Amino acid sequence: MSELSNDAYERVEDARIALETLGMDAERSNERSALVLLALLRLTPAESWAEAANPMLGTRAIMDFIRDEYGKDYAPNTRETVRRFTLHQFVEARLVVQNPDEPQRPVNSPKWNYQVTAEALDVLRAYGTDAWQSATDRYLADLPGLKARYAAAREMDRIPLTLPDGSIFTLSPGGQNVLLKAMVEDFCPRFTPGGQVLYIGDAGDKWALFERETLSSLNVEVDEHGKMPDLVIYLPDRNWLVLLEAASSHGPVDSKRQAELAGLFAQSTAGLVYVSCFPNRAEFRKYVDKIAWESEVWCADHPTHMIHYNGERFLGPYE
C-alpha cells in the first residue's frame, strides 16, 4: 500500500485531530477513520476545510475517493472493516446519518449511503480557523440534544406491524424489516392461522420479541450466541414450530442453514418447519438451486402462494 504524500499526510493528521476533538476514540481517529471522514466530506489534500461538503456516499464511493485522492488502495475485503469499525460508530455518534433519502432502504441495497450531518459539517468547515474551538464547544454541548433529535426522527421511521393476536409491534427501519413485516402480516394469517409469534429478530435488535418461557416449555433453550431465524411461529394445534428466514438481507434456508437450525432446535418437542421468505420472485430466482429440500419458499409479491421443496408432503415437519 502506498505511503501518503506530504500534503495528504498533513490533511489526514488534521482529520485525526478533528475526530479526537469531537470525542472519537483511538479506533475512530486512526488513519483509516480520518480518510473515511475526508471522503465523506469530499475534501482533497489541496482544498480548504471551508470547502467541505456532505454528499450521500456508499462505501464503494468512499473507498474509491480515498484511492483516487489519497493514494490508499484498500483491498475489497476492507470494506466490511470500514462499515463495522468506522461508519457504524460515526452513525452512533451522530456525526453521520444513514440513508437520509430513504431511511427504510434494505440493508443489502446498492444504494445504501452515509452523509455527514449538517451540524457536524458546519463545525468541520471551521477547522483551522479562530472559530474552531468555540464551534466544537457548542457542538459538543448540543450533541445530547442532537442525538435525541435524530433518535426521535428514527423512531418516527419505525415500521409498525400487527401481530397475529392483534397487538401492535414496531421494527427499526431498514434491513430485512420491510420483508419481516410482510411475513408477519401476510404469511402468518394465510399459512399459520392461530399461530403464536415466539421470536422476531429486528434488524436493529436481535431479541426484539422473545417468548423465552413458551420456547422453554417446548424444550427449546436458545443459545444467545446461536444464529436465530428471523421469525419463529408456534402452532399449538399441530405442535409445529415454523422457522422463517427473511432472505432479503441474508441467504435462504439452504442445506447448511437447515442443519444449523436443526441443531439449534434439536431438543424441541414440536416439529420443525423451515421457510425461506423473499421480497419477490426475482430475488428467489437467484437462490432457486440453493434451497434445502424438505423446506418451503414464500414470496411477498405473491402472498397467497407457497413453493414446496418438500417432496412427499406440503407444509409440515419431517420426523
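Keep in mind the model is a prediction, meaning the values are calculated, not measured.
- Judged purely by atom type and a 3.5 angstrom limit, Asp14 has no side-chain atom pairing as donor or acceptor with the backbone of Val12.
- Ile307 is connected to Tyr287 through a chain of hydrophobic side-chain contacts under 4.5 Å among Ile, Leu, Val, Met, Phe, Trp and Tyr, so both are in one cluster.
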Inset, instruction - Decide yes or no on side-chain contact (heavy atoms from CB on, under 4.5 Å) for Leu272 and Leu261, but give the supporting numbers first. - result: CA-CA 9 Å; Leu272 305 179; Leu261 290 172; over 6 Å; no
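- Arg125 places no side-chain N or O within 3.5 Å of a backbone atom of Trp49 that could act as its donor or acceptor partner.
- The two residues Ile291 and Val297 come nearest to each other via the heavy atoms CG2-CG2, 3.8 Å.
- Atom CD of Gln267 sits in a sparse spot, with 12 or fewer heavy atoms from other residues, nucleotides or ligands closer than 6.0 Å.
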Legend entry - Steps toward side-chain contact (heavy atoms from CB on, under 4.5 Å) verdict (Met228, Leu264): CA-CA 8 Å; Met228 287 287 285; Leu264 196 62; 3.8 Å; yes
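- Residues satisfying the side chain to side chain donor-acceptor pair (under 3.5 Å) criterion with Arg190, sequence neighbours excluded, are absent altogether.
- The backbone N or O of Ser29 sits less than 3.5 Å from a side-chain atom of Arg16, completing a donor-acceptor pair.
- Gln258 contributes a side-chain N or O that, together with a main-chain N or O of Trp293, makes up a donor-acceptor pair within less than 3.5 Å.
- Counting only heavy atoms from C-beta outward, the side chains of Leu243 and Val275 never approach each other to under 4.5 Å.
- For the 3.5 Å distance criterion, the side chains of Asn30 and Ser33 qualify, holding a donor opposite an acceptor.
- Taken from CG in Asp142 to CD in Glu119, the straight-line distance is 9.0 Å, to the nearest 0.5 Å.
- Of the possible donor and acceptor atoms, one in the side chain of Gln89 sits under 3.5 Å from a partner among the backbone N and O of Arg84.
- Both Val91 and Ile62 are members of a single hydrophobic cluster when ILVMFWY side chains are connected at heavy-atom separations under 4.5 Å.
- When the shell of 6.0 Å around CZ of Arg42 is examined, it contains more than 12 heavy atoms from other residues, nucleotides or ligands.
- When atom types are taken as modelled, the side chain of Asn99 and the backbone of Glu102 share no donor-acceptor pair closer than 3.5 angstrom.
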Inset, instruction - Report the C-alpha separation of Gln98 and Asn113 in whole Å, then their side-chain angles, then the decisive distance to 0.1 Å, and conclude whether the side-chain contact (heavy atoms from CB on, under 4.5 Å) test is met. - result: CA-CA 6 Å; Gln98 299 176 107; Asn113 65 72; over 6 Å; no
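- Side-chain atoms of Glu283 never come within 3.5 Å of backbone atoms of Asn280 as a donor-acceptor pair (strictly under, hydrogens ignored).
- Glu47 and Thr44 form a side-chain donor-acceptor contact under 3.5 Å, judged by distance and modelled atom types alone.
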Inset, instruction - Output, in order, the C-alpha distance, side-chain angles, deciding distance and verdict of side-chain hydrogen bond (donor to acceptor under 3.5 Å, both in side chains) for Thr86 and Arg28. - result: CA-CA 6 Å; Thr86 293; Arg28 259 54 62 180; 5.7 Å; no
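- At a cut-off of 3.5 Å, with distance as the only test, no side-chain donor of Asn6 or Glu10 sits close to an acceptor on the other residue.
- Under the 3.5 Å distance criterion, with hydrogens and angles disregarded, no donor-acceptor pair is assigned to the side chains of Thr21 and Thr136.
- Taking both residues in full, the closest heavy atoms of Ala182 and Ala300 are given as CB-CB, 4.1 Å, listed atom of the first, atom of the second, then distance.
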Inset, instruction - Apply side-chain contact (heavy atoms from CB on, under 4.5 Å) to Ile233 and Leu198, showing your working. - result: CA-CA 6 Å; Ile233 306 293; Leu198 301 188; over 6 Å; no
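- Here the shortest heavy-atom pairing between Phe284 and Cys299 reads CB-SG, 3.9 Å.
- Residues Arg11 and Leu43 form a side-chain contact, since some pair of their non-hydrogen atoms from C-beta on lies under 4.5 Å apart.
- Here NE2 of His305 is found 9.0 Å from CZ of Arg281. Values are rounded to the nearest 0.5 Å.
- Between Leu235 and Asp237, the closest side-chain pair of non-hydrogen atoms falls below 4.5 Å.
- Interatomic distance, CG of Leu57 versus CZ of Phe65, reported as 9.0 Å (0.5 Å rounding).
- At least one side-chain heavy atom of Tyr74 sits under 4.5 Å from a side-chain heavy atom of Met63.
- For Asp230 (side chain) and Gly201 (main-chain N/O), no donor-acceptor pair under 3.5 Å exists by modelled atom type.
- The OH atom of Tyr274 sits 10.0 Å away from the CD atom of Glu294 when rounded to the nearest 0.5 Å.
- When atom types are taken as modelled, the side chain of Trp298 and the backbone of Pro303 share a donor-acceptor pair closer than 3.5 angstrom.
- Shortest non-hydrogen contact noted between Leu124 and Ala18 is CD2-CB, 4.0 Å.
- Side-chain atoms of Glu245 and Arg257, non-hydrogen and from C-beta on, do get closer than 4.5 Å to each other.
- Note on Met56 and Val116: separate hydrophobic clusters, where clusters join Ile, Leu, Val, Met, Phe, Trp and Tyr whose side-chain heavy atoms are under 4.5 Å apart, directly or indirectly.
- Between Ser216 and Glu221, the side chains place a donor N or O and an acceptor N or O closer than 3.5 Å (distance only, hydrogens not considered).
- In this structure, the side chains of Cys277 and Leu244 come closer than 4.5 Å at one or more pairs of heavy atoms.
- Between Arg79 atom CZ and Thr59 atom OG1 the span is 7.0 Å, to the nearest 0.5 Å.
- Although no hydrogens or angles enter the test, the distance criterion places a donor-acceptor pair under 3.5 Å between the side chain of Thr117 and the main chain of Ala120.
- In terms of hydrophobic clustering, with Ile, Leu, Val, Met, Phe, Trp and Tyr side chains grouped at heavy-atom distances under 4.5 Å, Ile17 and Val123 are assigned to a common cluster.
- Residues Leu231 and Phe187 are not in side-chain contact: their nearest non-hydrogen atoms beyond the backbone lie 4.5 Å or more apart.
- The distance from atom OH of Tyr139 to atom CZ of Arg94, rounded to the nearest 0.5 Å, is 10.0 Å.
- For the pair Ser268 and Val220, the tightest heavy-atom approach, listed with the atom from each and the gap, is CB-CG2, 3.7 Å.
- At least one side-chain heavy atom of Asn239 sits less than 4.5 Å from a side-chain heavy atom of Leu218.
- In this structure, Leu121 is a member of the same hydrophobic cluster as Tyr127, with clusters built from ILVMFWY side-chain heavy atoms closer than 4.5 Å.
- When all heavy atoms are compared, the tightest approach of Ser276 to Pro252 is OG-CB, 3.4 Å.
- For Asp130, the CG atom counts as loosely surrounded, since its 6.0 Å shell holds 12 or fewer non-hydrogen atoms of other residues, nucleotides or ligands.
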